[in-house]
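For reference, the structure is listed below as structure tokens.
What you see below is based on every heavy atom in this structure, not just the backbone, and it leaves out hydrogens, waters and symmetry mates. Numbered from 1 within each chain, the chains take letters A, B, ... in sequence-line order.
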Protein chains: 2
Amino acid sequence: MRVSAKADYAVRAAAELAAADEGPVKGEKLADAQDIPLQFLEHILLELKHQGIVRARRGAKGGYWLARPADEVTIAEIVRAVEGPIAHVQSTPPEAIEYRGNSEHLQEVWIAVRASIRNVLENVTLADLVADELPDVVTDLAAVPDSWVAR
Amino acid sequence: MRVSAKADYAVRAAAELAAADEGPVKGEKLADAQDIPLQFLEHILLELKHQGIVRARRGAKGGYWLARPADEVTIAEIVRAVEGPIAHVQSTPPEAIEYRGNSEHLQEVWIAVRASIRNVLENVTLADLVADELPDVVTDLAAVPDSWVAR
DNA sequence: GCACTCCCGACCAAGCAGGTCAGGAAAGTC
DNA sequence: GACTTTCCTGACCTGCTTGGTCGGGAGTGC
């Protein structure tokens with residue numbers, strides 16, 4: 001139940017792309033802006049490219065840009081692109097597991113966990129993120145002081 | 001963003017303990033009931049014991065039992081006992097990360113993710129689980145058909 | 001004393017995390 | 001055509017995690 005550095009980096013780099021006005025942005029600029037190791041970031045951007053989230057051009061004046069408008073790219077997509085499916089249990093999707101005996105209803109719990117994560121990540125777009133116009137589901141949760149305490 | 005086999009096993013074993021009427025339950029019985037490799041399960045139960053969630057006695061008539069009533073043990077506790085803190089980012093708690101530039105508000109998103117997971121896992125007790133009396137937050141989410149589709 | 005059951009450290013194979021390195025291949029500039 | 005720039009890609013690396021297994025030790029009950 002953790003978020004990898006890769007996923008965090010991927011979203012941060014994508015946010016920079018979403019905020020870029022015109023034309024391709026160099027990998028180095030993204031790395032500098034978000035303090036990410038350049039060569040590691042290049043691998044991440046390559047994955048995002050393979051998943052059709054960003055596009056790239058080489059050479060002078062080359063760089064990366066979003067394949068779609070920033071308000072059509074959700075955080076969930078980016079996380080999936082680099083981390084794979086969200087909230088799998090034992091590397092299989094929760095709806096595919098058979099629980100028996102007294103743990104029969106554990107399946108519904110894992111399903112609910114996945115759904116609640118999706119409720120957040122699928123409703124935040126890169127445009128929301130850079131404009132600081134996060135959806136209510138996020139601001140409501142973040143407004144509760146208890147959400148900020150470690151446990 | 002995945003649930004480990006260990007966490008899944010731990011909750012399933014704990015559910016069996018919650019359902020056991022009286023006296024200690026042998027590790028072997030738990031392993032059989034939930035189809036968990038016995039020796040692996042023993043390590044998991046040991047961790048649960050160290051975290052004060054279960055108790056154990058050795059020898060004939062020995063076994064494991066819950067340290068507290070089943071309605072006072074949440075799934076969140078069990079997951080934390082074997083997996084550590086929920087929804088850390090880059091191995092640090094989201095409230096401790098400093099985001100700059102265009103990813104400034106990513107922190108609130110990760111905080112919201114953590115809060116929404118907690119909303120589920122901290123509100124389901126072992127008693128709820130074995131009695132099939134899951135709280136509304138779970139049943140509401142599990143009632144949406146879309147929650148069950150892979151993505 | 002003996003069977004039973006938990007306790008616990010050592011080990012293991014595979015994979016992932018979080019990178020680094022070295023070179024190749026397109027694109028633009030002169 | 002040469003040269004620079006920038007992305008593309010595979011190989012490699014260290015250390016840790018996952019999901020276990022093995023073997024023996026130590027309480028407990030009869």
- Query: Of the nucleotides D:dC7, C:dC8, D:dG29, which one has an atom closest to the side chain of B:Ala60?
  - Reply: D:dG29
- Round to the nearest Å and state the distance from B:Lys26 atom NZ to C:dC7 atom P. 14 Å
- Task: Ignoring backbone atoms, test whether B:Lys6 places a side-chain nitrogen or oxygen under 4.0 Å from the OP1 or OP2 oxygen of D:dG19.
- Result: no
- Item | Side-chain N,O (B:Tyr9) to OP1/OP2 (D:dG19) below 4.0 Å | no
- Quick one: is B:His50 getting a side-chain N or O under 4.0 Å of the C:dC8 phosphate, OP1 or OP2? yes
- So with a 6.0 Å cut-off around CD of A:Glu72, is the heavy-atom count from everything else above 12? yes
- Any donor-acceptor pair under 3.5 Å joining the side chain of B:His43 to the base of D:dG19? no
- Task: Mind calculating the distance between CD1 (B:Ile44) and P (D:dG20) to the nearest angstrom?
- Result: 8 Å
- Query: In whole angstrom, what separates A:Arg55's CZ from D:dC8's C1'?
  - Reply: 17 Å
- Item | Length of the CG-C1' vector between A:Leu41 and C:dG18, whole Å | 13 Å
- Query: Nearest to the side chain of A:Gln39, which nucleotide is it out of D:dT21, C:dC6, C:dA22?
  - Reply: C:dA22
- Roughly how many Å is it from CD in B:Glu83 to P in D:dT18, rounded to a whole number? 7 Å
- Given C:dG28, is OP1 or OP2 found less than 4.0 Å from the side-chain N or O atoms of A:Lys61? no
- So which one's nearest nucleotide on DNA chain D is more toward 5', A:Gln90 or A:Ala56? A:Ala56
- B:Leu38 CG to D:dG20 P, in whole Å, measures 13 Å
- Task: Determine whether the side chains of A:Thr125 and A:Asp128 contain a donor N or O and an acceptor N or O closer than 3.5 Å.
- Result: yes
- Which part of the nucleic acid does A:Glu42 contact within heavy-atom distance under 4.0 Å: base, sugar-phosphate only, or nothing? base
- Could you check A:Leu134, A:Leu129, A:Leu141 and say which one makes a side chain to side chain contact (heavy atoms under 4.5 Å, CB included) with B:Glu108? A:Leu134
- Closest to the B:Tyr64 side chain: C:dG19, D:dG20, C:dC7? C:dC7
- Item | Nearest-neighbour nucleotide for the B:Arg58 side chain, C:dG18, C:dA22, C:dC6 considered | C:dC6
- Task: May I have the distance from B:Leu48 (atom CG) to C:dC6 (atom P), rounded to whole angstrom?
- Result: 14 Å
- Tell me what A:Arg2 touches on the nucleic acid: a base, only sugar-phosphate, or nothing, going by heavy atoms under 4.0 Å. sugar-phosphate
- Message: Nearest whole Å is fine: how far is C:dA13 P from B:Phe40 CZ?
- Response: 17 Å
- Tell me, yes or no, whether the heavy-atom count around A:Glu95 atom CD, taken from other residues, nucleotides or ligands under 6.0 Å, exceeds 12. yes
- According to a strict under-4.0 Å criterion, is A:Lys49 in side-chain N/O contact with OP1 or OP2 of D:dC8? yes
- Message: Hydrogens and angles aside, do B:Thr74 and B:Glu122 bring a side-chain donor and acceptor to less than 3.5 Å of each other?
- Response: no
- Test B:Leu45 against every option in B:Tyr64, B:Phe40, B:Tyr9 by the side chain to side chain contact (heavy atoms under 4.5 Å, CB included) rule and name the one that passes. B:Tyr64
